[in-house]
Every structure is written in structure tokens, then in C-alpha cells.
S.K.: 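This is the structure I want to talk about, given as C-alpha cells.
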Amino acid sequence: MKIRPATASDLAAICRLADEINLQHHRALPHIFAANGAADRDRAFWAGLLDAPGGALLLAESGGEVSAFIALSLLELTLPFLRPRRICRVTTLVVTAAERGQGQGSALLAAAEDWARRHSADEIRLEVKDFNQAALNFYLRRGLEPQSRILGKRLDQALAPHSDQDEPKG
């Protein structure tokens with residue numbers, strides 16, 4: 001297995017892998033994730049990440065074929081009530097289904113941590129959808145810890161009556 005930065009010639013493979021993970025997310029959350037589109041629907045999005053300042057797109061190759069990738073971006077947290085932090089955010093990590101369990105995800109996450117350290121990040125963060133227990137377990141085994149929960153409520157469905165008794169205390 002080889003880990004390397006992505007190039008423009010990798011965009012077809014990146015789109016294929018992104019479509020694979022998007023399908024998994026669409027099946028679980030069709031009200032959030034679009035159905036898979038034409039092979040090049042997301043090409044411009046991924047191409048924009050290739051040379052984005054403060055970001056990286058790293059690939060894993062197995063047998064000369066792109067089998068996984070990770071997308072990273074840096075952000076500065078400078079809110080007055082928080083300690084200033086430089087965060088490396090993992091925006092996407094996908095390993096093709098045929099290669100899962102072979103170490104590519106672990107190798108890419110380790111490469112992401114190295115990249116984040118070289119770019120003076122204080123921590124690495126990512127978001128995992130609740131339905132994706134396998135991904136959550138993967139990240140927990142690699143030392144990532146829950147820091148918060150993102151809650152959402154669909155507003156296109158009938159709403160339950162609201163009661164002041166449901167208000168959080170303190």
C-alpha cells in the first residue's frame with residue numbers, strides 16, 4: 001500500500017469512491033444526502049480540494065489502484081470564550097468496500113495526523129453520522145474521543161406539540 005497526495009489524474013477514482021460512501025449515506029439519510037449522480041457530478045468539488053490552501057487530499061493505492069482517500073482542511077478557532085485552536089478537520093475518509101479491514105483507513109488517518117502536526121494543528125476532528133457505527137468504532141479504536149453531539153430536527157414533518165416541561169434545566 002502506498003499513501004500519496006492526490007493529483008488531477010486521480011479525480012475519476014476519487015469520484016468513484018465518493019459515490020460509494022455517498023450511496024451508504026443516502027440510503028441511511030435520504031433527506032440529507034443526494035442520490036448518486038452521474039460519474040462526474042462532484043468532480044469540480046473534489047478538483048477544488050486538490051490545490052486548496054489549508055487543505056489536503058491524500059490517497060491510498062493498493063495494487064496500483066486508488067482504493068481509499070482522506071480529505072483534510074485546517075480551520076482556526078478564535079472565539080473569545082475558547083482557547084485559540086488550530087483544527088485539522090477530516091471532511092471525508094472512504095475506503096472502498098472491497099478493501100476495508102486491510103489497513104488503508106488506519107494508514108490514511110495516521111498520514112492525516114502527520115500532515116496536521118506539520119501544519120501546527122492542535123487536534124484532529126471529524127463528524128460521524130449516528131447510523132455509521134462501524135466508522136464510529138474505527139475512530140474510537142484509533143484514539144478519537146467524542147466531544148459533542150450534533151442534533152437535528154426535520155421541519156418537513158408533522159411537529160409534536162411543544163411543552164415547557166421539556167425545557168432543559170440549568
Side-chain angles (χ1 to χ4, degrees), residues 1-77 85-145 147 150:
M1 170 190 7
K2 177 182 176 182
I3 305 293
R4 64 173 177 80
T7 67
S9 65
D10 298 312
L11 284 171
I14 290 167
C15 288
R16 176 183 48 79
L17 287 166
D19 241 14
E20 189 174 322
I21 192 129
N22 185 71
L23 179 60
Q24 176 189 9
H25 284 73
H26 172 73
R27 285 179 177 155
L29 301 168
H31 62 285
I32 296 174
F33 291 90
N36 284 9
D40 288 337
R41 178 192 69 187
D42 304 329
R43 187 180 188 90
F45 172 79
W46 296 113
L49 296 181
L50 289 175
D51 298 315
L57 196 53
L58 306 175
L59 305 177
E61 286 182 330
S62 177
E65 297 291 324
V66 175
S67 54
F69 77 87
I70 192 167
L72 309 169
S73 63
L74 290 173
L75 62 112
E76 304 286 337
L77 283 181
R85 314 267 308 147
R86 186 167 221 199
I87 307 299
C88 174
R89 186 170 187 284
V90 175
T91 58
T92 305
L93 171 57
V94 57
V95 177
T96 189
E99 297 285 332
R100 288 187 193 137
Q102 306 299 311
Q104 285 139 355
S106 296
L108 281 169
L109 193 55
E113 290 177 17
D114 290 343
W115 183 88
R117 285 184 188 98
R118 287 194 313 275
H119 289 84
S120 303
D122 297 299
E123 70 180 86
I124 195 163
R125 285 188 186 171
L126 52 86
E127 180 181 340
V128 178
K129 297 295 183 192
D130 272 353
F131 78 86
N132 199 347
Q133 194 64 47
L136 177 61
N137 291 338
F138 169 83
Y139 293 122
L140 291 172
R141 286 192 307 269
R142 280 145 192 88
L144 283 89
E145 301 172 328
Q147 293 183 344
I150 296 173

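In this chain, residues are counted from 1 in sequence order.
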S.K.: Just wondering, are more than 12 heavy atoms of other shown residues or ligands nearer than 6.0 Å to CD in E123?
M.R.: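 Counting other residues, nucleotides and ligands, CD of E123 exceeds 12 neighbours.
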
S.K.: For A107 versus M1, what's the shortest heavy-atom pair and its separation?
M.R.: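 What the structure gives for the nearest pair is CB-SD, 3.7 Å.
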
S.K.: How long is the span from the CG atom in N36 to the NE2 atom in H26, to the nearest 0.5 Å?
M.R.: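 Between atom CG of N36 and atom NE2 of H26 there are 7.5 Å.
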
S.K.: Please report the shortest heavy-atom distance between T91 and L72, naming the atom on each side.
M.R.: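 Closest pair (atom of T91, atom of L72, distance): OG1-N, 4.3 Å.
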
S.K.: To the nearest 0.5 Å, how far apart are CG in N22 and CZ in R27?
M.R.: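 Reported to 0.5 Å precision, the distance equals 10.5 Å.
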
S.K.: Please find the pair of heavy atoms, one from I124 and one from A112, that lie closest to each other, and give the distance.
M.R.: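 What the structure gives for the nearest pair is CD1-CB, 3.9 Å.
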
S.K.: Please test S62 against Q104 for side-chain contact (heavy atoms from CB on, under 4.5 Å), starting from the C-alpha separation and ending with a verdict.
M.R.: CA-CA 9 Å; S62 177; Q104 285 139 355; 3.3 Å; yes

S.K.: Is there a side-chain contact between L59 and I14 (heavy atoms, below 4.5 Å)?
M.R.: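 L59 reaches I14 side chain to side chain.
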
S.K.: With rounding to the nearest 0.5 Å, note down the distance linking CG in L108 to CG in L93.
M.R.: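 Reported to 0.5 Å precision, the distance equals 6.0 Å.
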
S.K.: Any pair with a residue in residues 48-76 that passes ring pair (Phe, Tyr, Trp, His ring centres under 6.0 Å), sequence neighbours left out, goes on the list, sorted by first then second residue, please.
M.R.: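 Ring pair (Phe, Tyr, Trp, His ring centres under 6.0 Å) check on residues 48-76 returns W46-F69.
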
S.K.: Answer whether the closest heavy-atom distance between the side chains of L144 and L109 falls below 4.5 Å.
M.R.: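 Contact flag for L144/L109 side chains = yes.
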
S.K.: In the structure I gave you, are the side-chain heavy atoms of V95 and Q102 within less than 4.5 Å of one another anywhere?
M.R.: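 Heavy-atom side-chain distance check fails, nothing below 4.5 Å.
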
S.K.: Once you round to the nearest 0.5 Å, how far does CG of L136 lie from NZ of K129?
M.R.: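 Taking CG in L136 and NZ in K129, the distance rounds to 13.0 Å.
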
S.K.: Under 4.5 Å between any side-chain heavy atoms of T96 and E20, yes or no?
M.R.: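 Side chain of T96 against side chain of E20, heavy atoms only: contact under 4.5 Å found.
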
S.K.: Tell me the closest heavy-atom pair linking L58 and P5, and the distance in Å.
M.R.: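 Minimum heavy-atom separation between L58 and P5: CD2-CA, 4.0 Å.
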
S.K.: What are the two closest non-hydrogen atoms of A34 and R41, and how far apart are they?
M.R.: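 The answer is CB-NH1, 3.8 Å.
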
S.K.: Provide the closest heavy-atom pair for R43 versus A12 in the form atom of the first, atom of the second, distance.
M.R.: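 Residues R43 and A12, closest heavy atoms: NH1-N, 3.8 Å.
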
S.K.: Under the rule for side chain to side chain donor-acceptor pair (under 3.5 Å), what residues qualify as partners of S106, not counting sequence neighbours?
M.R.: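 For S106, the residues satisfying side chain to side chain donor-acceptor pair (under 3.5 Å) (neighbours in sequence not counted) are R142.
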
S.K.: Side-chain contact, heavy-atom cut-off 4.5 Å: L29 with H31?
M.R.: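 Answer yes - side chains close enough.
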
S.K.: Decide yes or no for L17 and T92: does some side-chain heavy atom of the first lie under 4.5 Å from some side-chain heavy atom of the second?
M.R.: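 Heavy-atom side-chain distance check fails, nothing below 4.5 Å.
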
S.K.: Which value, rounded to the nearest 0.5 Å, describes the distance between I3 atom CD1 and I70 atom CD1?
M.R.: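 Answer for the CD1-CD1 pair, I3 versus I70, is 9.0 Å.
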
S.K.: Kindly write out the residues that satisfy side chain to side chain donor-acceptor pair (under 3.5 Å) with S9, not counting sequence neighbours, or none if the list is empty.
M.R.: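 S9 satisfies side chain to side chain donor-acceptor pair (under 3.5 Å) with T7 only.
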
S.K.: Would you please test H25 and I32 for side-chain contact (heavy atoms from CB on, under 4.5 Å) and show each step?
M.R.: CA-CA 8 Å; H25 284 73; I32 296 174; over 6 Å; no

S.K.: Please tell me if the side chains of Q24 and F33 come closer than 4.5 Å, counting only heavy atoms from C-beta onward.
M.R.: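 Answer no - side chains too far apart.
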
S.K.: Could you measure the distance from the CG atom of D19 to the CG atom of D42? Nearest 0.5 Å is fine.
M.R.: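 These two atoms lie 6.5 Å from each other.
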
S.K.: Salt-bridge test for R117 and D114: reply yes if a basic N is under 4.0 Å from a carboxylate O, no otherwise.
M.R.: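 Salt bridge flag = yes for D114 with R117.
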
S.K.: Just checking R4: does its CZ atom have more than 12 heavy atoms from other residues, nucleotides or ligands closer to it than 6.0 angstrom?
M.R.: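 Buried by this count: over 12 neighbours within 6.0 Å.
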
